[in-house]
Student: 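Here it is: the structure, laid out below.
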Amino acid sequence: MNPELLISNRIRSTPFTSHVEACGVKAYTVYNHMLLPAFFRGIEEDYWHLCEAVQVWDVSCQRQVEIIGPDADKLVQLMTPRDISAAQIGQCLYAPLCDENGLMINDPILIKIKQDKWWFSIADTDVLLWAKGLATGFGFDVQVYEPDIWPLAVQGPKAEELVVRVFGEEISDIGFFRGEWNNFEGASMFVARSGWSKQGGFEIYVNDARLGRKLWDELFARGEDLNVGVGCPNLIERIESGLLSFGADATYKTTPFECGLDQYVSLDADIESLSINALRKHVPKTRLVGLVIARKVDLAGREVLAGKKMIGEITSHTWSPRYSVYLAYARCDLKEIAGLDELEVNTGTGSDNGQITELPFDFASLGLSGK
Ligand code: THG
């Protein structure tokens with residue numbers, strides 16, 4: 001029997017939970033102490049629908065940690081090794097948060113809302129506590145809190161068409177990782193071109209629960225001919241796209257370099273960041289690589305072996321129905337994988353071989369053509 005999750009008040013529901021349940025959510029996970037749907041019809045069925053049509057996702061659990069006040073820039077820069085000095089209002093930045101040893105705290109999207117006001121749209125760790133601790137310890141003149149904002153993502157190839165129908169043509173002018181304030185029924189909501197898939201789309205930062213439900217209904221009403229459906233971050237799609245999940249692929253024990261996030265660390269910038277000195281001296285010990293296994297395997301354990309020696313572990317994995325291969329991310333000892341092309345994975349009944357590759361997967365260069 002699969003045990004059930006008892007949902008109490010400690011596991012927060014969202015303004016959309018009743019809608020999500022009316023749509024037949026089959027499994028939840030908990031993210032930032034809040035419900036996050038895991039699948040509806042089935043992970044594979046949800047995947048094809050996401051890649052072909054448009055889905056509405058309740059991603060309320062992507063909580064906002066607001067930093068506001070005269071020292072907001074200082075606190076934000078202290079928290080991330082990515083240079084934020086040139087960020088423009090409305091810009092979204094994928095920005096690792098790191099501690100004084102360069103180890104990761106979270107991998108949020110950072111949004112510059114206005115002068116002296118930022119949102120961290122966080123992954124699944126308690127950034128609020130960390131930010132409050134730093135603000136207090138450094139004596140910064142800022143306020144740190146979690147506003148009532150519940151993001152709704154609209155993702156898929158037809159997402160733009162649907163969002164235009166609800167918010168108007170101007171939405172099309174928003175560039176990737178940019179956002180603007182848009183009116184919905186008299187409320188002003190931040191709408192950005194972003195989301196945890198590579199199928200394109202927008203995220204609407206709903207700031208009124210009642211209007212949020214109205215927005216949900218309107219997206220469904222106006223998108224009927226686009227085959228709009230309910231969805232959620234999809235395991236298959238996000239692995240095929242090379243997106244990281246904090247807690248699995250990146251953790252408190254890894255640095256951004258060990259997660260392939262080098263481009264989001266501004267090593268040469270003159271910034272006051274808690275982690276920058278440690279990261280300048282850092283010598284990575286592990287590396288996150290992709291593994292491609294030719295068969296649909298049942299991974300019995302997470303161990304990754306070279307010869308008989310365990311040299312790493314699988315952090316995420318999925319069958320890819322598009323490429324008909326099994327895909328995994330594996331965190332490996334950097335020294336042990338030097339020069340290797342293949343690793344072994346434990347399948348319970350024996351072992352199988354996985355081809356080592358860079359992330360994100362480059363299917364064309366792997367000789368794989370998708371369905
Ligand atoms: N949207 C919002 N908040 C979030 C997520 C989101 N918080 C949690 C989690 N997702 C944060 N993690 C990621 C990881 C990758 C991306 C977004 C959020 C992403 N990356 C692009 C890429 O890898 O190509 C672009 C990065 C860039 O150019 O800066 O989209 O999904 N609101």
Side-chain angles (χ1 to χ4, degrees), residues 1-5 26-31 38-39 42-47 103-104 107 123-125 233-261 284-363 365-368 370-371:
M1 190 190 100
N2 240 350
E4 283 186 25
L5 181 70
K26 289 213 182 89
Y28 281 122
T29 182
V30 176
Y31 193 98
F39 63 89
I43 291 182
E44 236 175 273
E45 231 182 297
D46 291 354
Y47 165 82
L103 297 171
M104 287 178 74
D107 71 332
D124 185 22
T125 67
N234 183 277
L235 179 75
I236 300 169
E237 199 282 339
R238 77 98 177 163
I239 291 181
E240 285 182 354
S241 298
L243 294 168
L244 303 186
S245 178
F246 198 89
D249 315 312
T251 72
Y252 291 148
K253 294 180 178 171
T254 61
T255 65
F257 300 126
E258 292 172 332
C259 300
L261 298 178
K285 291 188 193 65
T286 64
R287 186 163 153 228
L288 196 66
V289 297
L291 289 183
V292 181
I293 303 155
R295 276 163 295 281
K296 195 169 200 166
V297 286
D298 197 354
L299 293 178
R302 296 190 165 271
E303 310 93 29
V304 171
L305 304 111
K308 291 263 175 290
K309 189 172 179 191
M310 184 175 161
I311 62 127
E313 65 167 355
I314 287 168
T315 61
S316 290
H317 58 96
T318 184
W319 171 250
S320 164
R322 184 180 301 282
Y323 297 101
S324 294
V325 289
Y326 208 83
L327 299 173
Y329 296 174
R331 176 160 303 291
C332 296
D333 186 299
L334 195 60
K335 288 194 188 118
E336 299 282 355
I337 56 162
L340 294 184
D341 300 320
E342 281 194 342
L343 291 169
E344 289 141 52
V345 294
N346 177 359
T347 60
T349 49
S351 70
D352 216 322
N353 286 343
Q355 181 186 352
I356 302 175
T357 184
E358 295 286 324
L359 290 174
F361 296 101
D362 179 347
F363 294 102
S365 78
L366 287 162
L368 295 168
K371 267 187 215 157

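Predicted model only: the values in this text are computed from it and were never measured.
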Student: Looking at Ser241 and Glu237, would you say the former's side chain and the latter's main chain have a donor-acceptor pair under 3.5 Å?
Tutor: yes

Student: Does anything in residues 344-362 pair up under salt bridge (charged side-chain N to carboxylate O under 4.0 Å, His left out), and if so which pairs, sequence neighbours excluded?
Tutor: Arg287-Glu358, Arg295-Asp352

Student: I'd like to check Leu103 versus Thr255 (side-chain heavy atoms, cut-off strictly below 4.5 Å). Are they in contact?
Tutor: yes

Student: Going by the rule side chain to side chain donor-acceptor pair (under 3.5 Å), which residues pair with Lys309 if we only count those two or more places apart in sequence or in a different chain?
Tutor: Glu336

Student: For Asp124, check salt bridge (charged side-chain N to carboxylate O under 4.0 Å, His left out) against everything at least two apart and list the hits.
Tutor: none

Student: Listed by chain and number, what are the side-chain contact (heavy atoms from CB on, under 4.5 Å) partners of Pro284, not counting sequence neighbours?
Tutor: Phe257, Glu258, His282, Leu334

Student: Would you please name every residue forming a side chain to side chain donor-acceptor pair (under 3.5 Å) with Thr318, sequence neighbours left out?
Tutor: none

Student: With a 4.0 Å cut-off on N to O distance, would you call Lys26 and Asp46 a salt bridge?
Tutor: no

Student: Can you confirm whether Leu327 sits close enough to Leu291 that some side-chain heavy atom of one is under 4.5 Å from a side-chain heavy atom of the other?
Tutor: no

Student: For Tyr28, give me all partners under ring-ring contact (aromatic ring centres under 6.0 Å, His included), at least two apart in sequence or on another chain.
Tutor: none

Student: Without placing hydrogens or testing angles, list every side-chain donor-acceptor pair under 3.5 Å for residues 297-308, not counting sequence neighbours.
Tutor:
{"unit_1": "Arg302", "atom_1": "NH1", "unit_2": "Ile314", "atom_2": "O", "d": "2.7"}
{"unit_1": "Glu303", "atom_1": "OE1", "unit_2": "Asn346", "atom_2": "ND2", "d": "2.9"}

Student: Are Arg238 and Pro233 side-chain neighbours, meaning at least one heavy-atom pair lies under 4.5 Å?
Tutor: no

Student: With the side chain counted from C-beta on, respond yes when Asn353 and Ile293 share a heavy-atom pair under 4.5 Å apart, and no when they do not.
Tutor: no

Student: With side chains defined as the heavy atoms from C-beta onward, is the minimum distance between Tyr252 and Phe246 less than 4.5 Å?
Tutor: yes

Student: Measuring only between side-chain heavy atoms, which start at C-beta, is Leu261 closer than 4.5 Å to Met104?
Tutor: yes

Student: For Thr357, give me all partners under side chain to side chain donor-acceptor pair (under 3.5 Å), at least two apart in sequence or on another chain.
Tutor: none

Student: What pairs with Phe363 under ring-ring contact (aromatic ring centres under 6.0 Å, His included), at least two apart in sequence or on another chain?
Tutor: Tyr323, Phe361

Student: Decide yes or no for Thr286 and Asp333: does some side-chain heavy atom of the first lie under 4.5 Å from some side-chain heavy atom of the second?
Tutor: no

Student: Thr349: what forms a side chain to side chain donor-acceptor pair (under 3.5 Å) with it, not counting sequence neighbours?
Tutor: none

Student: Quick one, Cys259 and Leu244 - any side-chain contact, counting heavy atoms below 4.5 Å?
Tutor: yes

Student: Taking only residues two or more places apart in sequence, or in another chain, which ones meet Glu313 in a salt bridge (charged side-chain N to carboxylate O under 4.0 Å, His left out)?
Tutor: none

Student: Filter on ring-ring contact (aromatic ring centres under 6.0 Å, His included), then keep only pairs touching residues 325-354, sequence neighbours left out; what's left?
Tutor: His317-Tyr326

